[in-house]
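Please read the structure below before turning to the comments.
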Amino acid sequence: MYMSTDEIRTAFLKFFESKGHQIVPSSSLVPADDPTLLFTNAGMNQFKDTFLGVEKRDYTRATSAQRCVRAGGKHNDLENVGFTARHHTFFEMLGNFSFGDYFKQDAIQYAWAFLTETIGLPKEKLLVTVYETDDEAFDIWHQQIGVPADRIVRIGDKEGGKPYESDNFWQMGDTGPCGPCSEIFYDHGEHIWGGPPGTPEEDGDRFIEIWNIVFMQFNRQADGTMENLPKPSVDTGMGIERIAAIKQGVHSNYEIDVFQQLIKQVAEIIGVEDLTNQSLRVVADHIRSCAYLIVDGVMPSNEGRGYVLRRIIRRAVRHGNKLGSKEAFFYKLVGPLATIMGTAGEDLRAQQTMVEKVLKIEEDNFGRTLERGMLMLEEALDKVKGDELDGETVFKLYDTYGFPADLTNDVARERGYRIDEAGFEAAMEAQRQRAREAGQFGTDYNQAIKVEHGSDFCGYTGTEGTGQITEIFVDGDTVDSLVSGDKAVVILDHTPFYAEAGGQCGDTGVIDTDQGRFTVTDTQKAGQAIAHYGSLSEGQLSVGAQATARVDAARRHAVAMNHSATHLLHAALREVLGKHIAQKGSLVRPDGLRFDFSHLEPVTADELKAVERIVNQQIRENSPVQTEVMDIEAAKQKGAMALFGEKYDDQVRVLSMGDFSIELCGGTHATRTGDIGMFKIVSEAGIAAGVRRIEAITGQAAIDSVYQQQADYEAKLDEAQSKAKALEKQIQQLKQKLAAQESAGLINQVRELNGVKVLISQLDGADNKALRSMVDDLKNQMGSGIVLLGNVANDKVGLIAGVTKDLTGTVKAGELVNLVAQQVGGKGGGRPDMAQAGGSDVSALPNALASAETWLAEQL
């Protein structure tokens with residue numbers, strides 16, 4: 001019976017829910033708190049701490065439909081995508097998990113029941129494998145399930161390999177949980193070439209693995225030793241694409257409903273008629289990994305996860321180019337993909353706009369160099385002698401055009417060539433590390449302290465509490481006691497100290513006993529325990545002692561205010577910039593907060609002001625900060641936002657600030673928003689492609705910042721005013737110099753009128769303030785005489801007259817100026833020896849000055 005991919009996903013989750021399993025949402029493709037993985041590559045990744053026994057959940061059975069990416073690091077399928085029937089960069093892993101609950105018998109029975117009863121696969125079409133020495137699993141399959149012995153294959157260690165290197169011994173990485181596994185294969189029929197697992201023909205496509213049941217028994221150490229896990233557990237995985245192919249009667253994963261719809265969308269957008277073109281499959285696969293990586297916070301870049309994403313995008317764009325695309329097309333697939341993914345498309349639908357923008361920008365950037373790079377590559381391939389493209393050319397393509405080596409290899413392979421990988425690596429050893437970023441994720445997971453006892457946090461309602469010291473660690477080893485000066489980690493069964501989580505820094509303070517005092521400088525999580533890091537400042541400390549734990553209350557208060565402000569900031573950004581805003585990280589300290597979020601362009605000054613204004617408005621409203629514990633589904637219905645990179649149990653803590661901000665959060669907060677006092681943004685900047693960072697302060701620090709800013713402005717204003725006065729003085733001095741120079745030229749225009757020296761002249765654009773100095777200078781040069789100057793500046797007339805003292809009895813300067821001023825639309829006057837006036841009729845000035853000469857002739 002035909003089943004859609006969405007129907008299979010739902011049926012699987014419902015089946016295991018009916019068997020007492022908790023349905024757990026898919027975790028992020030960026031592994032939370034796991035430095036050993038580049039991307040989430042299996043359903044069990046989010047349960048790793050639970051399998052190790054350092055994290056306890058509210059349930060012992062779980063089921064999930066986990067999105068996975070294998071395109072970098074240990075698990076890298078990128079090279080094969082588009083060239084085989086079942087390799088993908090992105091896939092969904094259906095899984096069921098037992099955490100010390102059921103083991104081999106129930107796990108095998110559940111798998112068989114789902115496959116043969118729930119979705120109706122023919123039993124005779126199924127074949128199983130077990131690890132060579134796993135007699136228990138063999139007996140369950142044969143004696144209880146009834147699988148014929150000749151359809152159960154024992155798979156041992158690989159020839160010449162290390163112990164446990166087997167297709168039937170599963171391990172997530174070089175260290176961590178592992179154990180023997182049992183795989184279920186589907187026989188597609190004799191018409192397809194291939195043999196069962198363990199035979200020389202096993203690489204054929206007839207027998208396809210559809211389900212892997214891992215029996216978690218060991219924790220592999222860095223030195224290869226196997227430690228028994230606290231409780232044997234089960235991890236299973238079934239690729240949804242493979243089972244969908246079987247239920248839809250097709251052989252290739254690319255023929256299932258999801259891919260067929262995507263392929264048609266790609267063909268329609270680009271304008272391709274041949275739906276069998278291999279490049280359509282590449283693009284259809286790559287849009288899934290690219291879209292969901294961006295949803296989970298990865299942005300294209302030149303290092304780490306971002307570099308892997310960039311490689312996949314460029315590979316897709318190159319294949320779109322092969323299909324004939326002449327413009328950006330890849331981003332147009334996001335909307336159709338969100339619909340096609342059905343129940344698994346919810347997260348993508350919520351961030352569709354942002355994902356489209358990121359892909360469009362990256363596609364445009366690469367498109368500008370793709371055509372030139374392809375021309376260079378084609379020319380290089382035409383000149384190849386033999387069947388290998390030299391490493392230097394491969395490097396140049398990467399360095400100049402951003403072509404990763406695998407992209408060049410794709411093109412070369414299509415033309416029947418291979419690339420000189422060794423030469424390429426020698427030419428760019430530093431750049432090579434970018435494509436092998438998984439090397440930075442090789443931390444040994446087992447280096448953390450192994451705590452036997454858990455801790456109860458009692459710090460939501462106060463900063464002081466009592467508890468018993470259950471464990472003490474020095475340099476990772478357990479000890480019974482400490483003496484003064486020892487640096488250590490102390491575990492209490494009850495503690496008010498908040499362990500660093502969700503971006504909030506750990507508490508500091510003191511732990512007192514009757515015999516000593518331990519100063520806490522940091523608090524971290526250690527599985528289910530809260531670890532107090534610090535040193536014994538006085539006396540001694542022993543396991544079993546009763547202690548009083550006191551958090552630095554002032555520091556905790558400052559941290560809490562900043563944490564609450566972070567929530568308000570998040571909500572304000574979504575209101576101002578749009579609902580695509582998603583948190584990509586945060587840091588809450590006593591002296592301020594840092595908030596990283598998805599956004600493709602700088603936040604403008606006006607937008608920052610709007611955000612700041614909204615947050616401060618919420619602070620003034622003084623809304624109560626309320627917390628409720630509820631199940632995850634109820635929290636989603638309430639509208640609570642989950643934070644990037646956080647793992648949540650079934651029961652979650654919902655923190656609300658009125659109706660403005662509702663988020664899942666386990667941190668400490670203000671009692672009311674008004675407690676925050678004031679919010680001030682300090683800076684905004686980009687920290688990665690598509691990720692911005694805002695730093696801000698609150699409370700007294702924000703008020704002090706405003707005062708300091710005001711003081712800075714006042715100091716700058718004083719400085720500017722001083723500079724302005726100095727400049728004005730310099731200008732006036734320059735004007736006076738200019739006036740002196742002009743008066744030197746004017747002295748040549750002096751003539752005698754009835755035996756008296758007279759200078760009447762019209763000036764253009766002279767500084768009116770400098771005219772007085774000019775007249776004084778002219779009078780001094782003349783010794784005895786009369787000066788009248790008319791100046792035109794800014795469409796206005798300026799008049800000034802000067803009379804030496806020996807002539808003021810005959811001619812008064814005020815009368816002379818007034819005579820002229822009346823003719824140019826003004827009036828004026830002044831002392832007998834110096835007078836000034838103004839007027840507005842510029843055109844009348846020449847005749848007015850001429851009339852002055854006539855008047856003077858009459859007076860003299």
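Quantities reported herein were computed from a predicted structural model and do not represent experimental measurements.
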Got a second to check how far [X]'s [atom1] is from [Y]'s [atom2], nearest 0.5 Å?
X	Y	atom1	atom2	result
Thr60	His21	OG1	NE2	8.5 Å
Glu663	His669	CD	NE2	8.0 Å
His557	Asp552	NE2	CG	12.0 Å
Asp675	Met561	CG	CE	5.5 Å
Leu13	Gln22	CG	CD	11.0 Å
Thr627	Met630	OG1	CE	9.5 Å

Ignoring hydrogens and angles, tell me if any N or O in the side chain of [X] forms a donor-acceptor pair with the backbone of [Y] under 3.5 Å.
X	Y	value
Glu612	Ile681	yes
Ser564	Ala560	yes
Arg305	Leu38	yes
Gln468	Gly544	yes
Gln524	Ile530	no
Thr40	Ser28	yes
Asn616	Phe679	yes
Thr673	Asn622	yes
Thr478	Glu471	no
Asp486	Leu536	no

Any side-chain heavy-atom pair from [X] and [Y] closer than 4.5 angstrom?
X	Y	value
Tyr59	Val24	yes
Val543	Thr470	no
Ile469	Leu541	yes
Lys680	Gln709	yes
Phe660	Leu568	yes
Phe169	Phe218	yes
Ile511	Thr548	no
Gln583	Asp596	no

(message) Show, in sequence, the C-alpha distance, side-chain angles and deciding distance for Gln504 and Thr668, and conclude whether the side-chain hydrogen bond (donor to acceptor under 3.5 Å, both in side chains) test is met.
(response) CA-CA 8 Å; Gln504 179 176 331; Thr668 61; 2.8 Å; yes

(request) Kindly assign one of parallel, tilted or perpendicular to the pair Tyr110 and Phe16, based on the angle between their ring planes and the thresholds 30° and 60°. (result) perpendicular

(message) Assess the residue pair Arg550 and Glu464 against the criterion (salt bridge (charged side-chain N to carboxylate O under 4.0 Å, His left out)); give the C-alpha distance rounded to whole Å, side-chain angles, the decisive distance to 0.1 Å, and a yes or no.
(response) CA-CA 5 Å; Arg550 297 184 178 88; Glu464 184 174 327; 3.6 Å; yes

Nearest non-hydrogen partners of [X] and [Y], listed with the distance:
X	Y	answer
Pro180	Gln217	CG-OE1, 3.1 Å
Val489	Ala531	CG1-CB, 3.5 Å
Ser481	Ile472	CA-CD1, 4.3 Å

Under 3.5 Å side-chain donor-acceptor pair for [X] and [Y]:
X	Y	result
Gln708	Asp712	yes
Thr236	Asn96	yes
Thr519	Ser535	no

(request) Kindly state whether the ring of Phe595 and the ring of His567 have centres lying under 6.0 angstrom apart. (result) no

(request) Could you note down all residue pairs passing ring pair (Phe, Tyr, Trp, His ring centres under 6.0 Å) where residues 496-527 supplies at least one of them, sequence neighbours left out? (result) Phe457-Tyr498, Phe497-His532

Should the pair [X]-[Y] be classified as a salt bridge under the 4.0 Å nitrogen-to-oxygen rule?
X	Y	answer
Glu538	Arg517	no
Glu684	Arg693	no
Arg594	Glu695	no
Asp101	Lys231	no
Lys525	Glu500	no
Asp106	Lys19	no

(request) Determine, step by step, whether Lys487 and Asp475 satisfy the salt bridge (charged side-chain N to carboxylate O under 4.0 Å, His left out) criterion, reporting the C-alpha distance in whole Å, the side-chain angles of both residues, the deciding distance to 0.1 Å, and the verdict. (result) CA-CA 8 Å; Lys487 293 182 178 181; Asp475 295 330; over 6 Å; no

Please say whether more than 12 non-hydrogen atoms of neighbouring residues, nucleotides or ligands are located less than 6.0 Å from [atom1] in [X].
X	atom1	value
Asp514	CG	no
Asp480	CG	no
Glu227	CD	yes

(message) Run the side-chain hydrogen bond (donor to acceptor under 3.5 Å, both in side chains) test on Ser656 and Glu628 for me, step by step, so that the C-alpha distance in whole Å, both residues' side-chain angles and the decisive distance to 0.1 Å come before the verdict.
(response) CA-CA 8 Å; Ser656 305; Glu628 299 174 83; 4.7 Å; no

(message) Cation-pi check for Phe597 against Arg574: NZ or CZ below 6.0 Å from the six-membered ring centre and within 45 degrees of the axis, yes or no?
(response) no

(request) Decide side chain to side chain contact (heavy atoms under 4.5 Å, CB included) for Ile694 and Leu569; before the verdict, give the C-alpha distance in whole Å, the side-chain angles of both, and the deciding distance to 0.1 Å. (result) CA-CA 9 Å; Ile694 281 180; Leu569 171 60; 4.0 Å; yes

(request) Give me the one residue out of Val615, Ile703, Asp704, Thr698 that meets side chain to side chain contact (heavy atoms under 4.5 Å, CB included) with Met678. (result) Ile703

(message) Set out, in order, the CA-CA distance, both residues' side-chain angles and the distance that settles side chain to side chain contact (heavy atoms under 4.5 Å, CB included) for Asp493 and Asp456, then state yes or no.
(response) CA-CA 6 Å; Asp493 60 354; Asp456 291 329; over 6 Å; no

(request) Would you sort out whether Gln618 and Ile676 count as a side chain to side chain contact (heavy atoms under 4.5 Å, CB included), showing the intermediate values? (result) CA-CA 10 Å; Gln618 291 299 318; Ile676 300 170; over 6 Å; no

(request) Kindly determine whether Thr508 and Arg555 satisfy side chain to side chain contact (heavy atoms under 4.5 Å, CB included), including the steps that lead there. (result) CA-CA 8 Å; Thr508 62; Arg555 181 178 182 277; 3.2 Å; yes

(message) Among residues at least two apart in sequence or on other chains, which ones pass ring pair (Phe, Tyr, Trp, His ring centres under 6.0 Å) with Phe103?
(response) Phe215

